Number of protein chains: 2
Amino acid sequence: MVKTSRRQRSAPTIIDVAKRAGVSPMTVSRVINGENNVRPATRELVNSAISALNYAPNPAARSLAGAGQSRIGLLYSNPSAGYLSEFLVGSLDQASRRDVQLIVERCEPGDHEIEVARHLIESGVDGILLPPPLCDSPALLRLLAEEQVRAVLVGSAVPPAGQLAVSIDDCQAAYAMTRHLLGLGHRRIGFIKGNPTLKASAHRYAGYCSALEDAEVVLDLELVAPGLFTYRSGLDAAEQLLDLADAPTAIFAGNDDMAAASVAVAHRRGLDVPGDLTVCGFDDTTLATTIWPELTTIHQPIADMSRAAVDLLVSAIRQQSPPDQRHCVLDYTLIRRQSDAPPRRRPHSAHP
Amino acid sequence: MVKTSRRQRSAPTIIDVAKRAGVSPMTVSRVINGENNVRPATRELVNSAISALNYAPNPAARSLAGAGQSRIGLLYSNPSAGYLSEFLVGSLDQASRRDVQLIVERCEPGDHEIEVARHLIESGVDGILLPPPLCDSPALLRLLAEEQVRAVLVGSAVPPAGQLAVSIDDCQAAYAMTRHLLGLGHRRIGFIKGNPTLKASAHRYAGYCSALEDAEVVLDLELVAPGLFTYRSGLDAAEQLLDLADAPTAIFAGNDDMAAASVAVAHRRGLDVPGDLTVCGFDDTTLATTIWPELTTIHQPIADMSRAAVDLLVSAIRQQSPPDQRHCVLDYTLIRRQSDAPPRRRPHSAHP
DNA sequence: CGCCGGCATGTTAGCGATAACAGCATAAGG
DNA sequence: CCTTATGCTGTTATCGCTAACATGCCGGCG
């Protein structure tokens, strides 16, 4: 059996070095940490003892005795299915690289987010990671500000000034998707808005509007349906859009859940997707590839975002990196799958 | 304030937990390390103190004090939506409690699982966690046996003898669900089988058959459709079942994805769920509560299962707890939501 | 001359956890 | 009924390192 090979002849300690250099362990420590109040001659002595013994400080002991390892919390409430797992994978990875401990805490639907957050804070974390939808809770942000706990908002489209944040550009992504649909030839493009309490909703809508405008397609408010990011709300919105006398040839839903609902409604009405109706989503959750046809959607690099978030937070905690970039914007990807196609009927000719 | 005064809001220590639980720090340590010589009542006391304080052991102190830190791998390939995140939360939590480093490795659809597993082993893990569907890969198990790497199979219905494993009783759960449907008055109950390479499929089917038999309802093989646990396969299976001259009044799908597909097919045909057709799933993935109506399904305590798996693995690695229980079977829950109801039409009278 | 202040260094006391052993009930055995 | 096992649980002593304080040594000042 190959016991962990590291346990060989116990490595030299700071005491071995101290003896050999004829000084006290403390002086060795000072030399190691580059403190400037050691006489050059002594420093030299210690240094040579160190290299003679091939000494390396024990990081565990170091963090135990010293500044202590920092811990960061991850507070999540109800992200869509695949979001959390990706987020976890990324933050875990980075947390271990940066040598911080990650405490994961869930806010159950019934819980009051404030209570849970307070619990986390009281448990002594030095900072908190807030993936959506918690990143847009004003009450939570207020609490964090009061308690002076640092936080990184992930996925919030427009974080308050100075707030640490990581996100994609929701507006630009929605713009790209709308442009994609326009490129396929669609002119009547329905849009299902998301939960108005989340800032991302407004931004995605803005991207949609802006793309239409740039393509000189007039925005028809009939084609814009309200939604809440839930499947259920998507059902209602899709019904509303498809009930229109001049129904859209494509529906761009504010997220995958509502897009999936739109597909369901289309099927219920005997419409083929994408033959009779193009449907696109946003987020690229697992739902997007679970249903049939698989959804064309916007993919967020969630794992990378969470990695970036951990980095930002740790740097802030250790005060290593000044605010050279408090808000980190990563790139999205438009993923094309089977739910989009050019419109079957020629659209009404647009302008002369 | 430049630095948080060291004493103020530091993380809770083993001593805080000990005080709160009214025991000595040593006992807490024993609980954390899963040593088996602690009275269950005491263990419970300590555990609740741990979660109340949101305590996590300081890895630095631990490795300093002796216990060399071990690492375990989590190898996953393609669990259904939501499974992974729950699994991660549970295993993370327990990994941090037990102070093992969790190395997460994904096996992409194209990858050969053997290669990925070998990579993980070579990176020096002391054991591997195998959630479904990898837990049922014979080739993988063979490799692990050869390499003498310990593994815990999670979700495999009948693990090889002596293999570390955690699961629920799939057969019994399917039995309970079928019984539930019979209790509602259904007699023609369709069943969609799962991927035949996974042992859970056969067990769920066995539970279904056994419940019918006990209720003296003859098993009609017409009502049993093949499936693969994918949404797509559920679509085909549901079409097949609903095409039947004497169609079922209820469909029990082998998992939630296929149940969701069944709901979609029903809607496409203008059937109301649950008014015209009852649909039940299995697994209680997030999909179950995403769609409408929300699915009645079987809930597995995935987070607890992964916690148990980590425990089992760590204990085996540290050789602290003998094989007092190599296969840990946890309880499932039948969750009733909106997708089931008594059959609308009186079923054909059964027997004289 | 003697006291002060500043620098280089040594001492002491933990950091948070565990190993090893010591106690102390309770159960088993004679 | 007393002794020897057999759990559980508590004590003590570290692990390697570093804050915080204590010491000794020097020159400068009144």
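Keep in mind the model is a prediction, meaning the values are calculated, not measured. Numbered from 1 within each chain, the chains take letters A, B, ... in sequence-line order. The analysis underlying the following values was restricted to heavy atoms, covering all of them including side chains, and did not include hydrogens, waters or symmetry mates.
For the contact set between residues 40-53 of chain B and DNA chain D, defined by any heavy atom under 4.0 Å, the members are B/Thr42. Of the residues in residues 17-24 of chain B, those placing a heavy atom less than 4.0 Å from an atom of DNA chain D are B/Val23, B/Ser24, in numerical order.
Set against C/dG10, C/dA17, D/dG16, the side chain of A/Ala65 has D/dG16 as its closest nucleotide. Comparing D/dG16, D/dT9, C/dT9 by their closest approach to the side chain of A/Ala61 singles out D/dG16. For A/Arg39, the listed nucleotide lying nearest its side chain is C/dA8; candidates were C/dA8, D/dG16, C/dA17. Of the listed nucleotides (C/dT9, D/dT18, C/dA17), C/dT9 has the atom at the smallest distance from the side chain of A/Asn37. You'll find that the side chain of B/Ile14 is closest to C/dA17, out of D/dG10, D/dG16, C/dA17. Of all nucleotides listed (C/dT11, D/dC17, C/dG16), C/dG16 comes nearest to the side chain of A/Leu64. When each of D/dT9, D/dA20, D/dT11 is scored by its nearest atom to the side-chain atoms of A/Met26, the top-ranked nucleotide is D/dA20.
Every residue meeting the side chain to side chain donor-acceptor pair (under 3.5 Å) condition with A/Ser137, not counting sequence neighbours, appears here in chain and number order: A/Glu113. Scored by the salt bridge (Lys or Arg N to Asp or Glu O under 4.0 Å) test, B/Arg39 finds no partners at all (sequence neighbours excluded). Every residue meeting the side chain to side chain contact (heavy atoms under 4.5 Å, CB included) condition with A/Leu120, not counting sequence neighbours, appears here in chain and number order: A/Leu75, A/Ile103, A/Glu105, A/Ser123, A/Val125, A/Ile128, B/Asn54. Listed by chain and number, the residues in a salt bridge (Lys or Arg N to Asp or Glu O under 4.0 Å) with B/Asp311 are B/Arg98 (sequence neighbours excluded). For B/Thr333, the side chain to side chain contact (heavy atoms under 4.5 Å, CB included) criterion is met by B/His299, not counting sequence neighbours. Considering only residues two or more places apart in sequence or on other chains, B/Gln172 meets the side chain to side chain contact (heavy atoms under 4.5 Å, CB included) condition with B/Asp169, B/Tyr332. Scanning for side chain to side chain contact (heavy atoms under 4.5 Å, CB included) contacts around A/Pro25 gives A/Ile14, A/Ile15, A/Ala18, with sequence neighbours left out. Evaluation of the salt bridge (Lys or Arg N to Asp or Glu O under 4.0 Å) rule for A/Arg118 yields A/Glu147 as partners, not counting sequence neighbours.
When every heavy atom of A/Ser306 is checked against every heavy atom of A/Ser91, the shortest pair comes out as OG-N, 3.2 Å. Minimum interatomic distance between A/Leu313 and A/Gly127 (heavy atoms only, all atoms of both residues): CD2-C, 3.7 Å. Considering all non-hydrogen atoms of both residues, B/Pro132 and B/Val154 come closest at CD-O, 2.9 Å.
As a whole-Å value, the separation of A/Ile15 CD1 from D/dT14 C1' is 11 Å. To the nearest angstrom, P of C/dG16 lies 9 Å from CG of B/Asp16.
Between A/Ser29 and D/dC17 there is no side-chain N or O to OP1 or OP2 distance below 4.0 Å. For the pair B/Ser63 and D/dC15, the criterion of a side-chain N or O lying under 4.0 Å from OP1 or OP2 is not met. The phosphate of C/dT18 (OP1 or OP2) has a side-chain N or O of B/Asn33 nearer than 4.0 angstrom.
B/Cys328 has its side chain out of reach of B/Leu164: every pair of non-hydrogen atoms, C-beta onward, lies at least 4.5 Å apart. Here the side chains of B/Val28 and B/Val23 are in contact, with some heavy-atom distance below 4.5 Å.
Taking for each of B/Arg30 and B/Ala56 the nucleotide of DNA chain C with the nearest heavy atom, the 5'-most of the two is the partner of B/Ala56.
Summary for the helix from C/dC1-D/dG30 to C/dT26-D/dA5: the axes at its two ends, each from 5 pairs, differ by 70° when rounded to the nearest 10 degrees.
Ion pairing of B/Arg307 with B/Asp93 is present here, as a side-chain N (NZ or NE/NH1/NH2) and a carboxylate O approach within less than 4.0 Å.
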Set out, line by line, the N/O atom pairs under 3.5 Å between protein and nucleotides 23-28 of chain D.
none

